[in-house]
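Order of listing sets the numbers, starting from 1, for every ligand and every atom in it. Fair warning: this is a prediction, and the values are worked out from it, not measured in the lab. Just so you know, these numbers use all the heavy atoms, side chains as well, and skip hydrogens, waters and symmetry mates.
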Amino acid sequence: MGRGKGHVPIRTCISCKARRNKKELIRLALNAQDQVIIDDRGNGQGRGVYVCRGKSCLSALEKRNLLSRAFRKNVVMAVNKTIIPQ
Ligand SMILES: [Zn+2]
(Lines give C-alpha, C1' and ligand atoms only; values in the text may rest on other atoms or scores of the structure.)
Protein backbone atom coordinates (compact mmCIF):
# COMPACT_ATOMS: atom_id res chain seq x y z
CA MET A 1 0.00 0.00 0.00
CA GLY A 2 1.14 3.47 -0.75
CA ARG A 3 3.92 2.27 -2.97
CA GLY A 4 4.25 4.32 -6.13
CA LYS A 5 2.06 7.04 -4.71
CA GLY A 6 3.63 9.85 -2.78
CA HIS A 7 7.15 8.84 -3.71
CA VAL A 8 8.07 10.35 -7.03
CA PRO A 9 11.50 9.53 -8.40
CA ILE A 10 13.21 12.61 -9.78
CA ARG A 11 15.81 12.47 -12.52
CA THR A 12 17.80 15.12 -14.33
CA CYS A 13 17.65 15.66 -18.08
CA ILE A 14 21.18 15.48 -19.49
CA SER A 15 20.28 18.12 -22.04
CA CYS A 16 18.64 20.99 -20.16
CA LYS A 17 19.45 19.77 -16.61
CA ALA A 18 15.83 20.12 -15.58
CA ARG A 19 14.79 17.91 -12.71
CA ARG A 20 11.58 16.11 -13.50
CA ASN A 21 9.41 13.22 -12.54
CA LYS A 22 11.10 10.15 -13.93
CA LYS A 23 7.91 9.23 -15.75
CA GLU A 24 8.09 12.42 -17.80
CA LEU A 25 11.54 11.58 -19.08
CA ILE A 26 12.87 9.09 -21.59
CA ARG A 27 15.41 6.67 -20.17
CA LEU A 28 18.25 5.85 -22.51
CA ALA A 29 20.63 2.96 -22.04
CA LEU A 30 23.33 1.17 -23.96
CA ASN A 31 22.99 -2.21 -25.55
CA ALA A 32 25.86 -4.65 -25.96
CA GLN A 33 27.01 -2.87 -29.12
CA ASP A 34 27.28 0.52 -27.40
CA GLN A 35 24.20 1.69 -29.23
CA VAL A 36 21.89 4.02 -27.40
CA ILE A 37 18.45 2.52 -27.03
CA ILE A 38 15.26 3.62 -25.35
CA ASP A 39 14.82 1.77 -22.12
CA ASP A 40 11.06 1.78 -22.00
CA ARG A 41 10.73 -0.31 -18.90
CA GLY A 42 13.15 1.94 -17.07
CA ASN A 43 14.86 -0.92 -15.34
CA GLY A 44 17.56 -1.91 -17.76
CA GLN A 45 20.92 -2.97 -16.51
CA GLY A 46 23.89 -0.67 -16.49
CA ARG A 47 24.07 3.04 -16.77
CA GLY A 48 21.00 4.91 -17.86
CA VAL A 49 20.52 8.56 -18.63
CA TYR A 50 17.38 10.62 -18.85
CA VAL A 51 16.22 13.24 -21.29
CA CYS A 52 13.04 15.26 -21.74
CA ARG A 53 10.63 14.21 -24.43
CA GLY A 54 10.74 17.64 -26.04
CA LYS A 55 12.29 18.06 -29.44
CA SER A 56 14.80 20.65 -28.31
CA CYS A 57 16.29 18.37 -25.68
CA LEU A 58 16.30 15.36 -27.98
CA SER A 59 17.96 17.15 -30.86
CA ALA A 60 20.58 18.59 -28.51
CA LEU A 61 21.70 15.06 -27.70
CA GLU A 62 23.30 14.78 -31.09
CA LYS A 63 24.22 18.39 -31.69
CA ARG A 64 26.11 18.68 -28.45
CA ASN A 65 27.31 15.08 -28.30
CA LEU A 66 25.64 14.72 -24.94
CA LEU A 67 25.29 10.97 -25.02
CA SER A 68 28.96 10.23 -25.47
CA ARG A 69 29.69 12.56 -22.58
CA ALA A 70 26.99 11.07 -20.40
CA PHE A 71 28.10 7.51 -21.05
CA ARG A 72 31.78 8.50 -21.01
CA LYS A 73 32.53 6.67 -24.21
CA ASN A 74 31.77 6.99 -27.88
CA VAL A 75 28.31 5.65 -28.51
CA VAL A 76 26.15 5.28 -31.58
CA MET A 77 22.95 7.23 -31.76
CA ALA A 78 20.76 4.24 -32.49
CA VAL A 79 17.68 5.98 -31.13
CA ASN A 80 18.05 9.18 -33.05
CA LYS A 81 15.68 8.42 -35.87
CA THR A 82 13.02 6.92 -33.70
CA ILE A 83 12.69 9.38 -30.84
CA ILE A 84 13.38 12.71 -32.49
CA PRO A 85 10.30 14.10 -34.20
CA GLN A 86 10.86 14.81 -37.84
ZN1 LIG B 1 15.53 18.58 -21.04
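- For the Zn ion (ligand 1), protein N/O/S neighbours under 2.8 Å (waters excluded) are Cys13 SG, Cys16 SG, Cys52 SG, Cys57 SG.
- At a threshold of 4.5 Å between non-hydrogen side-chain atoms, the residues Phe71 and Leu30 count as touching.
- Between the side chain of Ser68 and the main chain of Asn65, no donor-acceptor pair closer than 3.5 Å is present.
- Nearest approach of Cys52 to Ile26, heavy atoms of both residues: O-CD1, 4.3 Å.
- With sequence neighbours left out, Arg11 forms a salt bridge (charged side-chain N to carboxylate O under 4.0 Å, His left out) with no residue at all.
- Going from atom CG of Asn74 over to atom CG of Asp34 covers 9.0 Å, rounded to the nearest 0.5 Å.
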**Request:** Using the side-chain contact (heavy atoms from CB on, under 4.5 Å) rule, take Val49 and Val51 through it: C-alpha gap first, then chi angles, then the decisive distance, then the call.
**Result:** CA-CA 7 Å; Val49 301; Val51 65; over 6 Å; no
